[in-house]
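Reviewing the structure listed below.
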Amino acid sequence: MFNHTDIETKWKSRWNTIRQNSTDVKDTKKKFFNLMMFPYPSAEGLHVGNMYAFTGADIFGRYKRMCGFNVFEPIGLDGFGIHSENFALKIGRHPMDHALVTQKKFYAQLHKIGAMYDWDKTLETYDPDYYRFTQWLFVEMFKHGLAYRKRAEVNFCPGCKTVLADEQVIDGKCERCGNNVTKRSLEQWFFRITAYAEKLLENIPALHWSHIVKTAQTNWIGKKEGINITYKVVNRDHKYVFDLICFTTRPDTNFGATFVALSPEHEIISQILTVINQDQSKKIKQYIKSVSQITSEERAQEGRKKTGVFTGLYCQNDLNGKLMPVYISDFVLMGFGSGAVVGVPGHDKRDFEFAREFDIPVIRVVKTANNDGCITHIDDVQEDEGIMMNSGFLNGMDIHKATAAMMDHMEKMGWGKRVSTYHLRDWLISRQRYWGPPIPMIFCKYCFTKGITYSEESAFSDMAGWFPVPNGQLPVLLPRIEDYRPGDDSIAPLAKHTEFYEVKCPHCGGDARRETDVSDTFLDSSWYFLRYPSLGERKKEKGKREENILPWDQKITKKWLPVDMYTGGAEHSVLHLMYSRFVTMALHDWGYLDFEEPFPNFFAHGLVIKDGAKMSKSKGNVVNPDQYIDLYGSDALRLYLMFMGPFSQGGDFRDSAMEGMKRWVNRVWNLSVQSIDKHSQTGNAIVEKALQKLIKKVGDDIEARHYNTAIASMMEWTNLTAENGGIVRINQLSSFVKLLAPFAPFVTEEICEKIHASVVGGKWSVEDSIHRQKWPEYDEKALMDESVQIVVQVNGKLRDVIEMGSIAAKNRLLVEQETKSLEKIKPYLSNTKVRKIIFVPGKLINFVI
RNA sequence: GCCGCGGUGGCGGAAUUGGCAGACGCGCAGGUCUCAAAAACCUGUGGAGCUCACACUCCAUGAGGGUUCGAUUCCCUCCCACGGCACCA
């Protein structure tokens with residue numbers, strides 16, 4: 001038995017003294033940036049789910065280092081944001097104080113899990129030396145026309161008392177606190193991520209990401225190809241009033257169109273109100289008001305009765321000259337397409353439901369082989385495959401051919417234009433909260449009234465009076481205030497502090513007002529990977545307020561980025577991963593970076609399950625790793641976590657299974673101590689052959705992140721050594737311990753030191769560390785077996801297994817002769833004719849009778 | 001509704017290209033050691049049949065069908081979990 005706590009304490013301190021894991025970023029010959037998603041520190045500290053993710057990533061980094069790479073593995077804290085602030089509010093400690101407490105706690109815990117973090121290059125998003133550049137990024141976004149401010153219907157979480165981005169609303173609920181999200185019309189800052197929709201989509205196939213994550217992101221971007229049809233709108237007297245654009249992916253059904261519906265948020269409604277009578281206007285206003293009073297969740301409720309109001313106007317369908325009444329209805333969403341749809345009730349269920357409510361005619365324009373009758377019931381509505389009818393020049397075509405033909409026709413006639421629309425919306429970036437980087441913008445009322453904009457460019461035409469904080473004045477420090485609690489009034493805490501917001505206009509020098517919202521946490525994490533390698537230069541920048549200082553060192557960034565391997569949870573598929581891609585693309589286009597994709601390789605690890613549920617605070621099943629590290633050791637816990645199942649799948653956390661892992665670590669220890677003691681020079685051929693195979697197996701498994709089977713194979717090998725004398729040669733032990741080193745860094749280092757003392761003697765130095773050793777090589781020839789097992793089947797059923805020389809086993813005739821006469825086979829072959837013999841060289845023979 | 005992933009012993013899981021299903025571990029049972037227990041170690045462990053025993057036979061990878069000499073693996077239908085999107089026109 002050995003004392004794991006002593007060993008861990010010893011090596012933690014020794015590694016720290018020698019800066020074992022401090023990466024020299026100047027050495028870029030074989031660099032490897034091994035990054036894992038940094039944690040957001042809150043509550044009780046690191047939990048087993050974090051440790052699972054970090055350990056899996058760390059094993060890969062350690063393996064790469066042993067394969068000769070200069071591995072950089074940094075860690076930091078994503079400590080700004082609602083999550084941390086909510087916890088600070090809960091326990092009644094100021095977020096600034098709480099941040100320091102959790103920082104200390106998290107770093108202490110992260111020291112204990114045995115990961116090879118570079119402790120000289122850590123970052124915290126709430127550090128002014130970090131967020132000055134988050135603010136710099138905001139300013140750059142603004143300067144390039146990608147940050148804008150507008151009044152919009154936005155998601156508001158009554159629990160967190162702030163607005164949320166679309167991505168942070170899950171099933172109508174807040175991603176963080178689970179409260180039902182409501183809509184509010186507020187002035188907010190947005191990032192124009194939609195400008196990159198196509199690029200974000202286009203680059204996805206080339207990414208080495210799991211198919212699941214790629215699909216999730218593709219779905220979120222949600223590209224749809226269709227056509228914008230421009231209709232002439234006429235009033236009761238058939239007089240033209242204006243144009244209206246409807247988006248559709250199914251123009252093939254356009255001969256069946258019988259109405260047009262507008263979203264209640266559609267801007268053309270203000271024009272409509274000017275061309276219709278008062279009575280009608282009143283009804284429309286009433287309807288819009290009633291819609292604004294229901295929640296988005298209620299509005300989207302399935303099976304809800306369709307509502308709407310007639311505008312008194314008509315769209316003219318140029319295909320057949322028919323007039324289609326224009327309605328306003330809340331089943332039409334403003335955020336998709338053009339916010340106006342052309343209704344084809346025969347071939348769209350929602351359109352049918354609407355037509356039912358308003359007695360609008362239903363026309364069939366698509367038929368199937370056995371159905372071309374009237375559409376009178378919702379189940380008759382035909383949305384899929386079929387052949388066109390009642391559709392003029394389209395008749396007889398299938399719907400796909402008809403769609404293309406109709407688009408061609410409409411474009412030729414000048415009635416419409418092919419377009420793509422996206423589900424992706426602009427990123428709502430401002431938050432009416434305290435614990436984040438203040439948005440570095442200034443609003444000047446005087447300049448606003450004069451219509452003065454930051455630049456002449458059209459992108460700024462709606463942004464009169466808004467100016468970014470000059471670079472040299474960054475960071476805009478977040479002041480320490482005591483009334484940091486968010487209110488119900490959508491007013492940011494900083495807006496109550498004149499000393500914060502009263503500033504001079506950077507343009508005219510007059511009195512102006514600083515923006516008092518802070519930015520979304522996801523902005524903090526959208527660029528942190530760019531910062532890490534350059535952190536060695538941080539001392540030079542500290543406190544400096546120069547104009548042209550960049551968040552990173554250009555030379556270092558050119559060498560070290562993009563990230564070589566990124567490991568994290570799949571739950572960030574459409575949040576962090578997409579925001580980071582967007583920010584990187586923008587920085588690339590502005591000339592700051594020479595790559596577009598920050599994470600060409602991303603590995604999505606699985607989740608740790610406890611009692612059948614994902615480990616989370618709200619479920620109350622969070623497990624703190626500390627107690628297990630104390631009880632079983634960091635090595636045993638790391639091994640146990642990785643042994644639960646494939647790293648991509650996660651697994652079920654159970655205390656009892658950890659005992660077994662501790663037993664095995666003990667067995668490895670005993671095997672090592674005894675082998676070093678006996679100093680055996682004679683090797684066992686079976687153990688040696690198995691070791692050669694093991695070297696290959698463990699290497700291949702680590703590359704594939706099949707850590708569970710790598711560990712299983714190592715267990716098999718130690719079982720084999722127990723059957724073969726219980727000791728191994730020193731060089732065999734040495735190789736084995738290297739294979740185990742990425743998984744169990746502490747105990748293997750201790751064994752390595754013992755081997756070193758026994759074989760070489762003298763003082764232990766940095767170079768002697770097992771984690772600096774070269775990964776063992778195996779002999780291809782040694783993997784070949786002299787004899788193999790041949791499976792003997794009759795009609796595909798296993799009847800016998802024989803051992804043969806590996807060369808003979810490849811000879812069909814020889815194997816046939818050998819197996820035909822086997823005692824167990826003979827009875828099957830007598831009295832029948834062998835119809836066929838299947839032979840797989842070196843593997844199997846099958847007699848078909 | 002659409003898209004995606006999966007279903008293997010009491011449990012977590014393993015199984016190159018279609019070729020010995022259940023590796024490895026947990027749990028359980030029995031044993032050694034002990035006054036006793038724990039720890040440690042050893043043996044057994046999918047189900048059924050047959051046998052004093054060794055052995056042998058049959059059944060079994062969510063259900064049903066197909067392709068094949070041979071299917072956990074490939075194809076079709078269905079069932080059940082999980083993940084993403086969703087009044088998206």
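Side-chain atoms of A:Q793 stay outside donor-acceptor range of the base of B:C69, with no qualifying N/O pair under 3.5 Å. Under 3.5 Å, the side chain of A:Q649 and the base of B:G13 form no donor-acceptor pair of N or O atoms. Between the side chain of A:K306 and the base of B:C87, at least one donor-acceptor pair of N or O atoms lies under 3.5 Å.
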Criterion salt bridge (charged side-chain N to carboxylate O under 4.0 Å, His left out) on A:R812 and A:E816, from CA distance to verdict: CA-CA 6 Å; A:R812 185 188 184 111; A:E816 233 181 275; 3.7 Å; yes
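Of the residues in residues 692-712 of chain A, those placing a heavy atom less than 4.0 Å from an atom of RNA chain B are A:N708, A:T709, A:A712, in numerical order.
Of the candidates B:G25, B:C88, B:C3, B:C88 carries the atom nearest the A:L333 side chain, counting heavy atoms from C-beta on. The side chain of A:D330 approaches B:C87 more closely than any other nucleotide in the set B:A89, B:G4, B:C87. The listed nucleotides are B:G4, B:A89, B:C24; the one nearest the side chain of A:V341 is B:A89. The side chain of A:H211 lies closest to B:C5, out of B:C5, B:A89, B:C59. Considering only side-chain atoms of A:M715, the nucleotide from B:C58, B:G19, B:C24 that sits closest is B:C24. Closest to the side chain of A:L798, out of B:C69, B:C20, B:C59, is B:C20. For A:V801, the side-chain atoms get nearest to B:C20 when compared with the rest of B:C20, B:C5, B:A89. Ranking B:C20, B:C69, B:C24 by closeness to the A:E716 side chain, first place goes to B:C24. Side-chain atoms of A:L844 lie closest to B:G19 of the nucleotides B:G19, B:C85, B:G25.
With a cut-off of 3.5 Å on both Watson-Crick or G-U wobble distances, the partner of B:C20 is given as none. B:A48 and B:U57 make up a base pair, with Watson-Crick or G-U wobble contacts both under 3.5 Å. Pairing for B:U77 is with B:A63, a Watson-Crick or G-U wobble pair whose two hydrogen-bonding atom distances lie under 3.5 Å. Pair assignment for B:A14 gives none, since no Watson-Crick or G-U wobble pairing has each distance under 3.5 Å. Nucleotide B:A29 has B:U43 as its partner under the Watson-Crick or G-U criteria, with both atom distances under 3.5 Å.
Contacts of A:R250 with the nucleic acid, taken as non-hydrogen atoms under 4.0 Å apart, involve only primed sugar atoms and P, OP1 or OP2. Among the atoms of the strands shown, none is found under 4.0 Å from any heavy atom of A:E659. Residue contacts shown for A:V332 include a base, since a base heavy atom lies under 4.0 Å away. In this structure, A:G337 reaches neither bases nor backbone, as no heavy-atom distance under 4.0 Å exists between it and the strands shown. Residue A:W220 is in sugar-phosphate contact alone, with no base atom involved, counting any heavy-atom pair closer than 4.0 Å across all strands shown.
Here, B:G6 and B:A15 have their P atoms 14 Å apart, quoted to the whole Å. Using atom P as the reference point in both B:U57 and B:A40, the two lie 39 Å apart (nearest Å). The gap from the P atom of B:C11 to that of B:G1 amounts to 31 Å, rounded to the nearest Å. Annotation: B:A39 and B:C79 have their P atoms spaced 49 Å apart (nearest Å).
Between the C1' atom of B:A71 and the CG atom of A:N795 lies a distance of 16 Å, rounded to the nearest Å.
Of the candidates A:F352, A:Y231, A:F354, A:F259 forms a ring pair (Phe, Tyr, Trp, His ring centres under 6.0 Å) with just one, namely A:F354.
Between the side chain of A:Q793 and the backbone N or O of A:R799, no donor-acceptor pair lies under 3.5 Å.
Under the 4.5 Å side-chain criterion, counting only non-hydrogen atoms from C-beta, A:R705 is in contact with A:Y707. When side chains are defined from C-beta on, A:K820 does not count as touching A:I825, because their heavy atoms never get closer than 4.5 Å. Side-chain contact between A:M324 and A:V342 is present, with heavy atoms from C-beta onward closer than 4.5 Å.
Between A:Y628 and A:F653, the distance separating the two ring centers is shorter than 6.0 angstrom. Taking the ring centroids of A:Y327 and A:F358, they lie under the 6.0 Å cut-off.
Close to B:C69, at under 4.0 Å from its OP1 or OP2, lies a side-chain N or O of A:K836. The phosphate of B:G25 (OP1 or OP2) has a side-chain N or O of A:N719 nearer than 4.0 angstrom. Contact check, A:K224 against B:A89: a side-chain N or O comes under 4.0 Å of OP1 or OP2. Taking only side-chain nitrogens and oxygens, A:R663 comes nearer than 4.0 Å to OP1 or OP2 of B:A40. A close approach under 4.0 Å does not occur between any side-chain nitrogen or oxygen of A:R667 and OP1 or OP2 of B:A40. Of the side-chain N and O atoms in A:H423, none sit less than 4.0 angstrom from OP1 or OP2 of B:C85.
For the atom pair OG1 (A:T819) and CD1 (A:I845), the distance works out to 4.0 Å, reported to the nearest 0.5 Å.
For the pair A:K306 and A:F331, the cation sits on the ring face: its NZ or CZ lies under 6.0 Å from the ring centre, inside 45° of the axis.
The residue among A:T249 and A:G796 whose nearest nucleotide of RNA chain B is located toward the 5' end is A:G796.
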